[in-house]
Each structure stands twice: as C-alpha cells, then as structure tokens.
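Comments concern the structure below.
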Amino acid sequence: MAVPLHSPLAEQAHDRVLARKDILRIATAGSVDDGKSTLIGRLLYDSKAIFEDQYEAVERASKGDYVDLALLTDGLRAEREQGITIDVAYRYFSTPRRTFILADTPGHVQYTRNMVTGASTADLAIVLVDARKGMLEQSRRHAFLASLLRVPHLVVAVNKMDLVDWSEDVYEQIRDEFSAFAAKLNIPDLTVVPISALNGDNVVTHSPNTPWYEGTTLLHHLEHVHVASDRNLVDPRFPVQYVIRPQSDAFHDYRGYAGTVASGVLRPGDEVQVLPSGLTTRIAGIDGPRGPVDEAFPPMAVTVRLEDDVDVSRGDLICRPANAPVATQDVDALVCWMADEPLRPRQRIAIKHTTRTVRGMVKELAYRLDVNTLHRDPDAGELGLNDIGRVKLRVTQPLFVDDYTRNRVTGRFILIDEATNATVGAGMLTPAG
C-alpha cells in the first residue's frame, strides 16, 4: 500500500530512520597548507552535501585553474586572502549510514585555542600530513592536543600523495613515524589513509593510484568507526539546565528538570540523588521532545520528573546515590589559556562547569607545558595566549566533578572573565601524573 509522502505515518518513519543514525563529531587538524579545508570541501562535494548554487559560487570565487573547494569552509575575508584557516568552521552533512558534525580547526600555532575548542567534543580527529613534508612540529602538536583532549579515534590523512607520485615508501615512512610518536601518547585507535583531497583519491572512493593500499577510504572509515562504546554509560550524570513549571490548566502540577544527559542511563523508577542538597528520590518519568521515553542516555536532551518535590534548580546535578561525583572546592586541572591578558596566580575568575557557574581564584600555577617538546616549566609565572599549564583553583561553592579521562563532560570547564563575561580559558581535570 502506497503511503503519502507527507502523511503522519511517513513522517514517523522518517523520524525513526534519523533516530537510528549515529552522530559523529569530527575535528580536523594539521599544519598550514596541508589541505584541511580542501578535504572537507571534497567530503561535502562527493557526498552530495552542497547545493548547486553553492558550488557555482565557489567556482566563481576560485582564483586558480581548478575549483577551490576550501572556500566552502574558509568564509572569512582574511582566510580567503591568506589561504589559511583562522576560525573554527562547522559543517554538517550526512550519508545513509551516519550524520556528521565536522569542525575545521586552524593549523597555525597562534590559533591553538581554536583547535582546543573544536576538538573538545570530537569523537574523532583527522590530522592531515603533507606527503612532501612528512611529520612536522605542528603535526606532533596537534596529535598531542588530540590525546590531551581524549579524542578516542585519530585518523592520519597523508594528503597530496599525487605530488609524490603515489609513492608507497613515502606513505609507509610517514605511517611508521606517526605510529611511533602515537605510542608515546594516549591514542587508543590510529588509522593512516593515503589521499589526495584535491582530486578525491581515497576520500569517498578507492583510487586506482594506490593498488598497494588495502585499507578503507576515508569516508568509509568515518561511517563505520565504532563510537557508541566511547560514551560513559556507567556513571549517571544529569546537570539541570532549566526548571520547567508551565502552571497552565493543561499542565497544572507539572514540574520537570530539563538538561542534556552527560553520561550514564536514566530510567523511570531509578533512585537518584540531587547535589548539592544530597536529597534522594526516584524518577517519576522522563519526557523527550516527542513525549515520554523509557530511558535517557548521552547525548539526549530530556526533561526529568521526580516523585518528590525536592529543591532542584539550575546548576544542580542528578546522579545515583551510590555513584556520585566528587564534590570539591579545590580544582587541579590542565588549562588552555585563550586571552591576550595572561593568567597569573591570585587572579579572580569565574568558572562554568556543566550548568553550574561559581566564582574562584587562581591559587597556583604549577607548571607551563610545552606542547611541542612535552617539557614542563615549573618556573613559569604566567600563562600567555594559547599556553597550556597545570593550574590550581579555589572556588566559592562546590563543583561536582569526575576525572576527564572517565567523563569528558563533567571533567571539563571554562574560565570566564568576570568583567567582560568573555571566555578566557578551558580546563580539563586530569591526574597530575
């Protein structure tokens, strides 16, 4: 029986198909001129994710003898003039198997903060390496930052293979060198793919120029890499973002607590604890965008209803009584500083952790980290723009934190300038070792 395209049944089937599709968050990194923006443009073009008028606009704006697909992501005037990426550009596309959120991050050292921003939520990082130049200092720095941010999957795209005559020896040399460097870092999954972003070789379809390469294409790997097990489904964490109290005739006694599930699984009937009060109750029900749901898991945005009228407000955390995060006013974390004015000890600052914002002060700068050599400088008196260092903070109210290696949501925070309300830093709660 034929079903009308816009009938409720057809729309419901469409929604189910979308719900089954995974979302993969990707961040690109690499040295300047390695072809990050061109690769993203190629992915968008070959996966039919751009409209014809967009392609024609890029074709008109291209200066050389070919269509510059990098212009699909490099939208700033300064980016087009210099041919480099400055800001983080987000692009969205999908295939029948998966939906992708792709962050094109800058490769230049002075935009380290932009890469940290783009990679902080990524499931997979693509580090591009120019086949002619091999591994550079920037390639090592971006691989280190990806491991520091606990990006679970890393893909090394050896680009511009057409300029080295598709040499298998060049590919193997870069693969072995990068693998040896990755062994020193915490990178659980590493894949190396030889590509030409400009021509599309091994990006979406296999290239006849690499008969010696037996691996998958880049898009095939992105579609099939397993990320569900990377999410923490053991420790239930639900930061409350907003209290929903309609007070209408239809929902006279409705009281729900909206937010995004950070980790774990929540179900109606589960016993939960509300922090910081410590009061316990049970989940009466969970409402999603389209009605009640049987369970909520990351990264679902839901509204949780509780059986008892306990005091819950924005910034509180709902968890399990026997599996609660650490409540602390002393924060010891790696911080990436993102402001022109340096971070110094005794400096007052605001800290936003999940949905909770508190005031604090910099107690101590333990050391500054050189991301190129991994050397620690304990004599550093401040953190400048794009610097990373271990910082100890004291906050006015308890924060409910987990180790960043265990929970990337409750293990991170941002630092805010109280005077300007600008984000000036990002922190990760990692062990001192």
Between Val358 and Leu399, does a side-chain contact (heavy atoms from CB on, under 4.5 Å) hold up when you go through it step by step?
-> CA-CA 8 Å; Val358 299; Leu399 297 177; 3.8 Å; yes
Looking only at heavy atoms, which two atoms of Pro321 and Thr280 are closest? And how far apart?
-> CG-CG2, 4.2 Å
Smallest heavy-atom separation, Met338 atom then Ala426 atom, equals CE-CB, 3.6 Å
For Tyr404 and Leu149, indicate whether the former's side chain and the latter's backbone hold a donor-acceptor pair under 3.5 Å.
-> yes
Ile244 side chain near Tyr254 side chain, heavy-atom distance below 4.5 Å | yes
Ile40 versus Thr28: any side-chain heavy-atom pair under 4.5 Å?
-> yes
Apply side-chain contact (heavy atoms from CB on, under 4.5 Å) to Ile26 and Ile126, showing your working.
-> CA-CA 7 Å; Ile26 308 169; Ile126 301 175; 3.8 Å; yes
Using a strict cut-off of less than 4.0 Å between a Lys/Arg side-chain nitrogen and an Asp/Glu carboxylate oxygen, indicate whether Glu307 and Arg282 qualify as a salt bridge.
-> no
If we only count heavy atoms from C-beta on, is the Pro298 to Leu233 side-chain gap below 4.5 Å?
-> yes
Note, Leu383 side chain near Arg368 side chain (heavy atom, < 4.5 Å) | yes
Given Thr410 and His353, is the side-chain contact (heavy atoms from CB on, under 4.5 Å) satisfied, shown in steps?
-> CA-CA 7 Å; Thr410 55; His353 174 261; 4.3 Å; yes
Would you say the side-chain atoms of Arg98 pair up with the backbone N or O of Thr95, donor to acceptor, closer than 3.5 Å?
-> no
Distance-minimising heavy-atom pair for Thr260 and Pro239 | O-CD, 3.6 Å
Only one of Lys352, Arg348, Arg359 passes salt bridge (Lys or Arg N to Asp or Glu O under 4.0 Å) with Glu418; say which it is.
-> Arg359
Nearest heavy-atom approach of Asn323 to Pro236 is ND2-CD, 3.7 Å
Nearest-0.5 Å distance that lies between atom SG in Cys336 and atom CG in Leu343 | 11.0 Å
Is Arg408 reaching over with its side chain to a backbone N or O of Ser120, donor-acceptor style, under 3.5 angstrom?
-> yes
Backbone N or O of Tyr213 within a donor-acceptor pair of the Thr210 side chain at under 3.5 Å?
-> no
Evaluate the salt bridge (charged side-chain N to carboxylate O under 4.0 Å, His left out) criterion for residues Asp123 and Arg25: first the C-alpha distance (whole Å), next the side-chain angles of each, then the deciding distance (0.1 Å), finally the verdict.
-> CA-CA 5 Å; Asp123 301 306; Arg25 295 177 180 271; 5.4 Å; no
Taken to the nearest 0.5 Å, the spacing of Asn199 CG from Met161 CE works out to 12.5 Å
Donor-acceptor side-chain pairing of Asn407 and Ser263 below 3.5 angstrom | yes
Distance col, row Leu279:CG vs Asp316:CG, nearest 0.5 angstrom, shows 10.0 Å
Enter the distance from Leu219:CG to His224:NE2 here, rounded to the nearest 0.5 Å.
-> 9.5 Å
Asp332 with Arg390: basic N within carboxylate O range, under 4.0 Å = yes
Do the ring planes of Phe93 and Phe100 sit parallel (below 30°), tilted (30 to 60°) or perpendicular (above 60°)?
-> parallel
Does the side chain of Asp270 come within less than 4.5 Å of Arg320's, by heavy atoms?
-> yes
For Asp189 and Leu154, run side-chain contact (heavy atoms from CB on, under 4.5 Å): C-alpha distance rounded to whole Å, both residues' side-chain angles, the deciding distance at 0.1 Å, then the answer.
-> CA-CA 6 Å; Asp189 179 32; Leu154 185 66; over 6 Å; no
Quick check: does any side chain N or O of Arg97 sit under 3.5 Å from a backbone N or O of Glu223, one acting as donor and the other as acceptor?
-> yes
Starting at OG1 of Thr99, measure out to CG of Leu102 and round the result to the nearest 0.5 Å.
-> 12.5 Å
Got a donor-acceptor contact below 3.5 angstrom from the Asp308 side chain to the Val310 backbone?
-> no
Look at the side chain of Asn202 and the backbone N and O of Pro194, then say whether any donor-acceptor pair between them is shorter than 3.5 Å.
-> yes
Calculate, to the nearest 0.5 Å, the distance between atoms NE2 and OG1 belonging to His153 and Thr191 respectively.
-> 9.0 Å
What closest approach, in Å, do Ser139 and Leu128 show between heavy atoms, and which atom pair accounts for it?
-> OG-O, 4.4 Å
Should the pair Phe178 and Phe181 be assigned to parallel (<30°), tilted (30 to 60°) or perpendicular (>60°) ring geometry?
-> perpendicular
Using atom types as modelled and distance alone, determine if a side-chain donor or acceptor of Arg42 lies under 3.5 Å from a backbone N or O of Ala197.
-> yes
Side chain to side chain, Val127 and Val155, heavy atoms closer than 4.5 Å = no
Please answer whether the main-chain N or O of Thr396 pairs with a side-chain N or O of Gln329 as donor and acceptor at a distance below 3.5 Å.
-> yes
Just checking, is any N or O donor in the side chain of Asp287 or Thr303 under 3.5 Å from an acceptor N or O on the other one?
-> no
Look at Asp330 together with Lys392 and state whether they make a salt bridge at an N to O cut-off of under 4.0 Å.
-> no
Answer yes or no: is there an ion pair linking Glu364 with Arg394, defined by an N-O contact shorter than 4.0 Å?
-> no
Quick one: are Met135 and Arg140 in side-chain contact, heavy atoms under 4.5 Å?
-> yes
Short side-chain to backbone donor-acceptor contact, Glu177 and Ile174, under 3.5 Å = no
With a 4.5 Å heavy-atom cut-off, do Asp294 and Pro268 have their side chains touching?
-> no
What's the shortest heavy-atom distance between Arg231 and Ile23, and which atoms?
-> NH2-O, 3.6 Å
